[in-house]
Structure formats: C-alpha cells, structure tokens
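See structure below.
Chain identifiers are assigned alphabetically (A, B, ...) following the order of the sequence lines, protein sequences preceding nucleic acid strands; residue numbering begins at 1 within each chain.
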Amino acid sequence: MIFGLALDGLLRKKGRNLLTMSGVLIGVFALTLIVALGQGLSHAVTDTVASSDNLRQIGLTGGMGIELSNDPADVRIEGEMDDDRRERLLRAAINRRQIRQWSGRRVNEIDDAAIEKLSKLPHVESITPVIIERYQLQLDTQGKKYETPASLSIGVDVGRKRYEERLIAGRYFSGPQADEVILHEYLLYKWGLLTSNDYESVLGRKVKLSSIISEQTDPMQNAPEQMRAMMADMSDEEKKAMGVLLPRLMQQFGQFSGERQSVEREFTLVGVIREQIPGDVFNVIEDGNAVQTDVFLPQETARQLFLGSVVNRELGYPRALVLVDDAENAPAVEQALRDQGYTAFSVASVLEQVETMLTVITVIIAFLTGIALIVSTLGIVNTMITSVLERTREIGIFKAVGATNFQVMAVFLVESALIGFVGGLVGLGLAALATIPGDLIAKSIIADRAAVPYAGGVFVIPLWLALTGPALGTVTAVIAAILPARRASSIDPVKALRHD
Amino acid sequence: MSTPLVIGTRVTREYHLGGELVHALRGIDFEVAEGEFVALLGRSGSGKSTLLNLLGGLDRPTRGSIQVAGRELASMNAAELSLYRRTTIGFIFQSFNLVTSQRAWENVALPLVFQGVGRAERKRRALELLEQVGLGKRADHRPTQLSGGEQQRVAIARSLINKPRMLLCDEPTGNLDSNTSAQIMGLLRDAHTKGASLVMVTHDPALAASHAQRTLRMADGAFVDELPVPAVAGGGA
Ligand SMILES: Nc1ncnc2c1ncn2[C@@H]1O[C@H](COP(=O)(O)OP(=O)(O)OP(=O)(O)O)[C@@H](O)[C@H]1O
Ligand SMILES: [Mg+2]
C-alpha cells in the first residue's frame, strides 16, 4: 500500500530516477564482477587441485638438514648506529639468509634408504620417487631415423594406470618393469608423424635412450674459494650445515668430472599419448613436473635407468610424492617431514595459501570498487531530497488524511529502496551477462599460457553473490534515504498544504 | 443535555514572524454539538483556517484546550494526532488537494492506505463513494482530467471514506461557480444529514445562512456578536 505510493513517486520522475539508479547499477555491476572473478579463480584452483588424491599429497625434496630460522629475533646487528640503519641492515641480513636457504644445497637427499625411513612416519601411506630425467632419444625405422637431443622423461605408476586415459594409439604398458616406452603426440608431430598410418609405422619399433653427457668443463674448479667466501658471513648455525654439506659436495663433483659414464638402453615404443585436456586426472605434484614430458616410462624401468647414473645415485631422486592416509593428516605429516630435515609442501597447504591470497586480493579490490557504490549514495540522497521537496504538498495531504510520521517516512524509504533494488538487480544482470564474453576472453588468455587446461568458468556468481547485489543496492539506498525521509516526516502539514 | 462534540477553552494560537508576535487566535471559547453544522465567517486573516487546523489536529494551540469527544487534542503526541485525523476527521479544502498522479478512486481511497486496508477493499469502498457523489464513471480519471467541481466531489468522497464524526471544510466552494457550489453544498448537507458534524469556513454569508445551523463570525482572532455556543446544546437563546 505504502509501496504503491512509493512506486508512484518513482514512476513520476523516470529520467531522474533512472539516472540515480545507474549509479547503484554501476557500483553493483563492478562489485559483482570483481567478486565473481575472485570466486572463479578460487574455483579454478580448487577444482583443478581438489580432484583426485591431490589433498592427500605432499611434495618432498631434499633439505638442508637444519631448518634455518627466519625469525628476526635470531638475527643480531652489532654496533652503534641509529634505528633506521639497524632496521635496514636487519632486513638485509634476513633477506640474505632466506636466499641462501633457497639456493642452498641439499644435505638430506631422497634416496631409497630415506624413502624407506620416511615411509615409517605415522599416516604416511606411500612414498614414490618422482623420476624425471632428460635423455637423448633415437628411433630407427627401416626408412627413417628420428632423434632428439634432450627429451624429458617421467616414470609412470603403471599400477594406478596413470595417463592410460590419454592413450590415442597403441597400448598401455604391460607392467611396471617392462622395457616399453610411450611417446607424446607432440614429439611425434615434431618428427612429422601425424596420421594413424604414421603412428603404425613407428609403433613396435625400438627407441634408444641415452644419458646426456655434460660438455661443460668442471664447474667446481673455482668452487672451494667461492664457498669459503660464502661461508665468511654465515652464522654458526649455517656453518654447521655447510660443514656437513661441503665434503659430500666435493666428493660428488669429483666423481662427476672423473667418470662421465653414459647410460644407454633400448625400449619398445608401445603407445602414443595425447596432450592433457580438461577433465583429465591432474595430480599437482606428479603432473606439475610432467607438463613438458615427451617420454613416458614404467616407474620401475625409469628408476633403474635413472639410478644407472653415478651422479643420480649420489644425489638421489629430485623429489618424491608422499601419499598421506587422509587429507586431514597432511599438515601433520608435512611438519614431520620438515622436522626430519626435508623440504616438504602439502598440496592442501599451498592451496590454502593461494585461496587466502585470492580472498585478500578480492576483498581489497571489492572494497575499492565499493567506493563507486558510496558515491552513488550521494546521488540517491540528492534525488530523495528533491523528491521530498517536490512532494511537499502531497506529504501535507498524506498527513491530513491520517498518515503517521513513520508512514510518510516509509513512502520515501521504500521509494529509495526500489531505486537501489532495481539498480542492484540490473547491475547483477549486466554483470552476469558480462561474464559470458569475460569468460571467453579470460579463457583465450589462459589457454595460451596455462599448462593445465581448465574447463570451468573464470567468473563464477554463486547464489550468495547474486543475492548480495540487489541486497547491497537496497541497503545502500535505504541508508541514503534516511535523512531525506526523516525530513519528509517532519514537514508541518499546515504549511505543506499551503505549499505549491 | 448531551456533551458537545467539541469544547474549546481559551484557545490561543500565536505565530512568531521575525520579531513580531502574530495573534492568529486570541484565547477563544467555543463548542460544537454532535451533528451540528457550523459556518465560520470572517475576513481574510481573521483566523478561520487556523481554528480549523486546530480542530483537525493538524496544528496545536499555543495555549488553551480543545477537547473533541472527550479527548484533549493539545496534549496528544504526533502519533495520537494522526490516529485522531485518521479516525475522526475528514478534511475538505478550497484547492481540493488531490494527489495529481493518482486516479480518482485512488485519491478517494488514500486514507485507507494509511489504515492498512487491502487494495481490493479500498477500491470497492472508493467506488461506492464515487457513486454517491455522482462520479462512478470517472473512477479511473486523474484529477487533471476532472473539472473543479468534480475534483471537489472526489475530495468529499475522500473525506467521507473513513466515516468521520466531523467534517472540516475550508472554503469548499471558494474556487467554484454558483451552480457547482450548490451541488457541493448538497453533498455536504447529505453528509450532515447522515450524522456528521460540520465546520465550514466561508466568505459567503448567504451560503452560511442557507446551510448552517449556526454561524460564527470572526475578526482578528476572536468571535464577534454571535454566541460561540450551540443554541441546541446550550438549551436556549
Ligand atoms: N505560519 C504562519 N506564520 C505566521 N503567521 C501566520 C501563519 N499562519 C497564519 N498566520 C497568520 O494568522 C492569521 C490568521 O490566518 P488564517 O489563515 O487563519 O486566516 P483566514 O481567516 O483563514 O484567512 P483567509 O480567509 O484568507 O483564508 C493571519 O494574520 C495570518 O497571517
Ligand atoms: Mg483560510
């Protein structure tokens, strides 16, 4: 009933109210779009990662053996100086420390013994080395000879039938130790092999993998001096770590330069694998390494080939995949591995960090966008003040026929709420429409850059966000109308009735 | 002897205009009996509208007391006054005071909006009243599509829709020609016959004489010569 009177006021000045509405509209539009993007990105991350066993996985790499503290309280800057300088130097010291940690050599390597030891940690279900290595590759057919100087290979868990869904020609591995190889369609394409006839001509042929021999001269020639210099400004804690590390390093490099032994083996080409597409199982830790892989070997075969190199035997596996019994225990296991002197990150914790970051960014941008909405309230205040002035006589009539002050106020609050609600609704609608081209554009950008294909939307408007748009518009508009509406309710009816 | 509907005692209304004190009403005493038709005569600025506004609870006296149906208007708060207007009073103005953007029936039904009556019921009662004032076929017209007399008939219908005990008319025929005036006066008399008390401001002594049971003459914020007490209620004179 009051609603009718409010609507009447609204329709009387369509142009002005549409203009006012557009302020709310733009505000809600921008806000919805920004938050939708944040939601979309967060979903993209979650959907990609939370599928399969990702949340139970922890990536494991070697560690310094000692975890160096990044706590500023542990770093001391000696001497007389002003506070600004002490602050600067402190920051410099911490920065250097962190960089050294990242570039630091591993003391605790991941070899079979380590895997066996760490597998006994509580909640650890299995630890599988991730075996990636570059090999020179040769494929001979009667007529042609194909080769690449350095192709990336990975060991495949045959038991879990990893990548079987991506097979487009030939067959899958016959077992975890088979002397078989599957190649990526891209490698074959580079060789000019595209059709099924082309594939037939190479399937069943022998592929020779040989380790790449470094042509560099001994990189450790000058190393001891450099290391001594490096150690000069190290803390005792770090020196201790280096003390363990240095003799082993020297030993390894000595062997490396001395032996230069090559590994070489032949495999049967049994299948062709296609590039990853949306919907494929994606394991962050395994497949994060596998995006450039051209050569797929059964895990055990790959392991034997890998350990054929002395250097590899000495340095251990580059990383390992730890599978935890339950996603809930991932953080605890992650910590336990770190306590053992390894570098470990669980997919869950990384995911959490990414999500937190996305949320923070979204909130900040949404806040800035919210300013548009605040500005639009000024427009509403102005419109409502004008509306009250124009309807002064009417307000007198309302009061003469018995309207309470509150009812008079309600007429204007509802009028403004309508402006806000419709503005919010249209803003939401336009934002929803804008996500269609927005998704296309964003996807074309992502498609060119992302290693991992993603099928979902980049902009996602969940129900709560859809409700928020009109609600926010309405609330903003009502707040903006409070003062004008109170002014309306306090108008003296006697004067108002004389007004024209 | 029944109690009068309205008892005004030393009713004073003063305005501050700049530094000046304007005495619109100078402590007047008056009564209006239940069902009485009173005309208020007087020159421009004599205080007629001021008195009417006080009677209708649109304004409060500076001093003095106005009792309507046993209730003191001077001590009512804003909410009580609006309830009083909504239930007891019907206003009719010289300039009609219709809401121009609303249809005739919507204007008639306006008081019901603030009583929370549903739309269908509002329309039904509004059409009934429009029929009574002879505008049954004009229900969907807007005020701008109606003549002055028709607009005033709509206003009368509106004033009657809450079945008020007292109709307050401020020069209801002031903007109308004599034929139309007669029509309007006929409608007001009908309402009076049905039991409503009427207080009507007018400039026209003949009109007052031919319709009102009693005429009060005002000058400079006070009554002159006539007795401000109803003959019927007063029991003589
Ligand atoms: N809001 C106001 N402020 C100051 N003075 C006022 C106000 N309202 C009325 N007055 C004064 O009070 C006096 C009575 O005014 P009122 O409107 O009651 O006269 P009236 O008898 O109705 O005149 P008219 O026949 O012209 O309508 C006048 O002198 C007027 O100027
Ligand atoms: Mg007057």
*Considering only heavy atoms from C-beta outward, does the side chain of B:Thr50 approach that of A:Val494 to under 4.5 Å?*
no
Atom OH of B:Tyr15 with >12 non-hydrogen neighbours under 6.0 angstrom
yes
Over 12 foreign heavy atoms within 6.0 Å of CD, A:Glu352
no
Q.
So for atom CZ, which belongs to A:Arg16, do other residues, nucleotides or ligands contribute more than 12 heavy atoms lying within a distance under 6.0 Å?
A. yes
Given side chain to side chain contact (heavy atoms under 4.5 Å, CB included), test B:Leu110 with A:Leu5 step by step and report yes or no.
CA-CA 9 Å; B:Leu110 188 63; A:Leu5 295 175; 3.8 Å; yes
Chain A shares the most heavy-atom pairs under 4.5 Å, among B:Arg158, B:Arg86, B:Gln102, with B:Arg86
*Determine whether more than 12 heavy atoms belonging to other residues, nucleotides or ligands lie under 6.0 Å from atom CD of A:Glu328.*
no
Between the CZ atom in A:Arg393 and the CG atom in B:Leu98, the distance rounded to the nearest 0.5 Å is 10.0 Å
| In terms of heavy-atom contacts, does CZ of A:Arg487 have more than 12 from other residues, nucleotides or ligands at under 6.0 Å? | no
In this structure, CG of B:Asn53 is separated from CG of A:Leu497 (nearest 0.5 Å) by 7.5 Å
Honestly, the part of B:Tyr84 sitting under 4.5 Å from a heavy atom of chain A is neither
Residues 397-413 of chain A vs chain B, non-hydrogen distance cutoff under 4.5 Å, contacting residues -> A:Ile397, A:Phe398, A:Lys399, A:Ala400, A:Val401, A:Gly402, A:Ala403, A:Thr404, A:Asn405, A:Gln407
CZ of A:Arg12 to OG1 of B:Thr100, rounded to nearest 0.5 Å, is 6.0 Å
In this structure, OG of B:Ser101 is separated from NZ of A:Lys13 (nearest 0.5 Å) by 10.5 Å
